[in-house]
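Step one of this worksheet: look at the structure below.
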Amino acid sequence: YALFGGWPAETVERLRSLEPATWIRGNGERWTADPDAAPDNPVVPGAVAAARAALGEATVADLASLPFSLPCEGLLVCHGSPLSDVRSFAPADGEDDDELLDGADATRVLFGHTHLPFTRTSAGGVRLFNPGSVGMPGAFGQEADSVDITNVKQRAYTTSAGTFALNGLTMQLVPGSAECFPDTDIP
């Protein structure tokens, strides 16, 4: 979240205040510490340079030293997959699930990387959970058929415009002045 966000240092500072928290690293932290490993495209090198400048050497090194994956309360937490921080599971059954699981003996894997919210079970019986992401257009949690995760707290600090379908929903709009989120208390 520090690599492509508008306030990298402030984001890391805020996340550090949310202890106790379990941290892992993903491709963004790896690329920020090692810009030569990042893809050479029109976006990533500039984002890496901006994040490095905003975060400073010490924070960049701290983030790069985070573990690749962690077992956490009965599941394996990783960024992309147990194999890679850039290769991840697809929402539909994937032929490469076994390769991406890389021999992990977990029965549940919580991951991100693609920012696409979904849950499914691999052919080998491993339950795969991707909670999705705020801040990436089109990647809203409402796109998942269902997700059953308990005791997880999330607060959105950025909002992306986008569209999503709510199949079978009927809605009536009534003129008025009621706000959707009146008096929201965000620290």
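None of these values were measured; they are calculated from a predicted model.
Note that CD of E57 is 12.0 Å distant from CG of D62, once rounded to the nearest 0.5 Å. Atom OG1 of T32 and atom CG of N27 lie 9.0 Å apart (nearest 0.5 Å). For the atom pair OG1 (T114) and NE2 (H79), the distance works out to 9.0 Å, reported to the nearest 0.5 Å. Of the inter-residue distances, the one linking R25 atom CZ with C78 atom SG reads 11.0 Å to the nearest 0.5 angstrom. If you take CH2 on W23 and CG on L15, they are separated by 5.0 Å, rounding to the nearest 0.5 Å. Atom CG of residue N130 and atom CZ of residue R120 lie 10.5 Å apart, to the nearest 0.5 angstrom.
When all heavy atoms of R30 and A37 are compared, the pair lying nearest together is NH1-CB, 3.9 Å. For A54 against P8, the heavy-atom pair with the smallest separation is CB-CG, 3.9 Å. Minimum interatomic distance between L116 and P91 (heavy atoms only, all atoms of both residues): CD1-CG, 4.2 Å. Shown here for D97 and A123, the closest heavy-atom pair between the two residues is OD2-N, 4.5 Å. Across every non-hydrogen atom of V48 and A38, the tightest pair is CG2-CB, 4.4 Å.
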Set out, in order, the CA-CA distance, both residues' side-chain angles and the distance that settles side-chain contact (heavy atoms from CB on, under 4.5 Å) for I24 and L66, then state yes or no.
CA-CA 5 Å; I24 59 168; L66 292 169; 5.6 Å; no
Take L63 and V12 through the test side-chain contact (heavy atoms from CB on, under 4.5 Å) and record every step on the way to the result.
CA-CA 9 Å; L63 295 174; V12 171; 4.0 Å; yes
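Put simply, the side chain of S81 never gets that close to the backbone of S88: no donor and acceptor are under 3.5 Å apart. Without hydrogens or angle criteria, T119 side chain to L128 main chain gives a donor-acceptor distance under 3.5 Å.
Hydrophobic clustering, with ILVMFWY side chains joined whenever heavy atoms are under 4.5 angstrom apart, keeps V86 apart from F68.
For the side chain to side chain contact (heavy atoms under 4.5 Å, CB included) criterion with F89, the lone passing option out of D96, L101, V126 is L101.
Within 6.0 Å of atom CG in D105, 12 or fewer heavy atoms from other residues, nucleotides or ligands are found, so the atom counts as exposed in its surroundings. With a 6.0 Å radius and a threshold of 12 heavy atoms from other residues, nucleotides or ligands, E10 has its CD atom above the threshold.
The aromatic ring centres of F118 and F111 sit less than 6.0 Å apart.
A salt bridge does not link R87 to D102: none of the charged nitrogens lies less than 4.0 Å from a carboxylate oxygen.
Side-chain contact annotation: T11 with R14, donor-acceptor N/O pair under 3.5 Å absent.
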